[in-house]
Asks: 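One structure coming up, written as structure tokens, with questions to follow.
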There are 2 protein chains.
Amino acid sequence: MHEIDQVRGFNRAVTRRIGLLRDKFLGRGRPFGEARLVYEIGSAGIEIRELRRRLDLDSGYVSRLLRSLEGQGLVDTLPASGDARVRCARLTSRGLAEYEELNRRSDSAALSILAPLGASQRERLVAAMAEVENLLLASDVVIKPEPAGSAAAQWCLRQYFELLGRRFEAGYDPGQAAPAGADDFTPPRGIFLLARALGNPVGCGALKRSVPDIGEIKRLWVASSLRGLGVGQKILDLLEAEARKSGLKLLRLDTNKALREAEALYRKNGYREVPPFNDDPYPDHWFEKRLD
Amino acid sequence: MHEIDQVRGFNRAVTRRIGLLRDKFLGRGRPFGEARLVYEIGSAGIEIRELRRRLDLDSGYVSRLLRSLEGQGLVDTLPASGDARVRCARLTSRGLAEYEELNRRSDSAALSILAPLGASQRERLVAAMAEVENLLLASDVVIKPEPAGSAAAQWCLRQYFELLGRRFEAGYDPGQAAPAGADDFTPPRGIFLLARALGNPVGCGALKRSVPDIGEIKRLWVASSLRGLGVGQKILDLLEAEARKSGLKLLRLDTNKALREAEALYRKNGYREVPPFNDDPYPDHWFEKRLD
DNA sequence: ACATTTACCTGACTACAGTCAGATAATTAT
DNA sequence: ATAATTATCTGACTGTAGTCAGGTAAATGT
């Protein structure tokens, strides 16, 4: 199939060009593994367990790498406040200098791709790279139930509320809206789904059982860079499947006219507009869909 | 600068996603270095020196890898006909099976990216990948003088003549055209420039001194996937620089109306249309440009 | 209070990727 | 004929990346 060939060609071209650049620019003097660590520790420092999680590395290996970086005077570790088992890695001033240097090299690597191109080609390349990046992310999306109180879930909800605040003419105040706490989205009363791409949260959606047999879709949000790539559709599909599984007969939701993409998504999925079923201050449209 | 950030973001996203895929799909059982070799030897076999050149590997290292593959019964080597120093590597039937398996895995890796996406997203991804691939190639282009008789130069010229054959209404027969041999493009009488991207020829152009003080631009060709990305412009710039350096006062060229991109390029670069200065059967337009 | 889990560490080990210094035989240049 | 070059090979070596099996101390569950 022609699509597959293009993807394979892309993989080869990119691993050669980008891979070579990586070795050329970042590999100088310092092993790549160490550079990765310095980069990930960053100027703010980081808990070692978080470091392990992000880079998906063996705990012994990370430990050894940190010892090596300590030996070079780039890093020091200190116990985290609160839990004395946890340790934090921090860059020393020399480490910080190395971090800046890595950033400069990353910039140079990027520039070495852009520099030979003319202005219009640069623009095309940058646009196409953004498109590929977002679609690769979209193709990696995994949607799973998540405790509504978890840090990742809370982060998504903050993004969602901020979006509402920006979009709504009069802003958005969670206090004024119909209250819905983590309990409402916790089984068996409801469920909270989180979408992750490359491990990072990029979207969410929740189902809340309001009246027996009736469920309500809430908190459907997708990171702006991934909008229009089918992530919202997937979350909605899974929420509906969940609703069917728990025997709900009807799904309801409300939305504001400023959220055009959401409204289009609901209409496309067979939600019909109905008279208001609540008196929340924010929604302009109310929808429902009968499940069979 | 925003462009640089996008390129860096792309690099990170792609190395993670594509890099992980590579390890997951190709790394099974066989070291990546060996897999690369099997892949590069391919169904047709290959001279070992060519293998070294393409993968840019140490000769001892390649030798060792080949011994290992021989030990596994995947490869055998035999002297090349003609030069007894050169050896050819060929896949045995077991090696061929492994090669097919690698291809299947590459396909699966590509599919694992495409599969989670909807049809329109796939289309967008494939298009953006092609765009990125071509622009990355374009940004890697290096243009250097090359003996007009070399294999790479001859390959480009074949591509060029094939293009003429396709574009011209009446086809193209090199025998009918004004003769120009490798000598005409060899210093000091002329020069032949070759554009390579990732080591592979992707374009060419030649300068031929016809009358004292007058040069002629000929054989300007760019691979179709890289057209419109500034490669032709660069070749032309270098040919003009070369002409100036050797003291030419006037540059001439002729072209056929079917080669619209070329004509646009010449006009953009200050070539003015003039009456025919030769009676070749193929050109429809004649141009010249005074050098200062 | 005691067992279990969590976070981190050390030591011992492996595989992979690659480099470098010759050695040998065939070919080409002078 | 002889020297220089080319293509390949072998042996000895290095550095990087990573795994695995324990071990210690702090925190948590019961």
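As the structure is a computational prediction, the values presented were derived from the model and not from experiment.
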Asks: For the backbone of A:Q72 and the side chain of A:R94, can you confirm whether one donor and one acceptor N or O come within less than 3.5 Å of each other?
Replies: yes
Asks: Only counting residues at least two apart or in another chain, list the ones meeting side chain to side chain contact (heavy atoms under 4.5 Å, CB included) with B:A89.
Replies: B:I41, B:I48, B:L66, B:V75, B:T77
Asks: I'd like the 5' and 3' limits of the part of DNA chain C contacted by chain B, with heavy-atom contacts below 4.0 Å.
Replies: C:dC16 to C:dT27
Asks: Distance check needed: D:dA17 P versus A:L69 CG, whole Å only.
Replies: 11 Å
Asks: Scan residues 34-45 of chain B against DNA chain C and write down, sorted by residue number, each residue with any heavy atom closer than 4.0 Å; if none is found, say none.
Replies: B:R36
Asks: Go through the structure and list residues passing side chain to side chain contact (heavy atoms under 4.5 Å, CB included) with A:P116, not counting sequence neighbours.
Replies: B:S139, B:K234
Asks: Going by the side-chain hydrogen bond (donor to acceptor under 3.5 Å, both in side chains) test, which pairs reach into residues 39-49 of chain A, not counting sequence neighbours?
Replies: A:Y39-B:R8, A:E40-A:R54, A:E47-A:R49
Asks: How does protein reach along nucleotides 7-13 of chain D, written 5' to 3' as B (base within reach of a heavy atom under 4.0 Å), S (only sugar-phosphate), or - (no contact)?
Replies: SBBBBB-
Asks: For the atom pair OG (B:S246) and CZ (B:R189), what is the distance rounded to the nearest 0.5 Å?
Replies: 13.5 Å
Asks: So, does B:D140 use its side chain to make a donor-acceptor pair with the main chain of B:A197 at under 3.5 Å?
Replies: no
Asks: So, the side chain of B:R219 versus the backbone of B:Y160: is there a donor-acceptor pair under 3.5 Å, distance only?
Replies: no
Asks: Would you check if A:E34 and A:L69 make a side-chain contact, meaning some heavy-atom pair closer than 4.5 Å?
Replies: yes
Asks: What do the steps show when you test B:S63 against B:R67 for side chain to side chain donor-acceptor pair (under 3.5 Å), and what is the final call?
Replies: CA-CA 6 Å; B:S63 195; B:R67 288 304 82 70; 3.3 Å; yes
Asks: Is there a side chain to side chain donor-acceptor pair (under 3.5 Å) between B:S150 and B:Q154? Walk through the geometry before answering.
Replies: CA-CA 6 Å; B:S150 79; B:Q154 292 297 314; over 6 Å; no
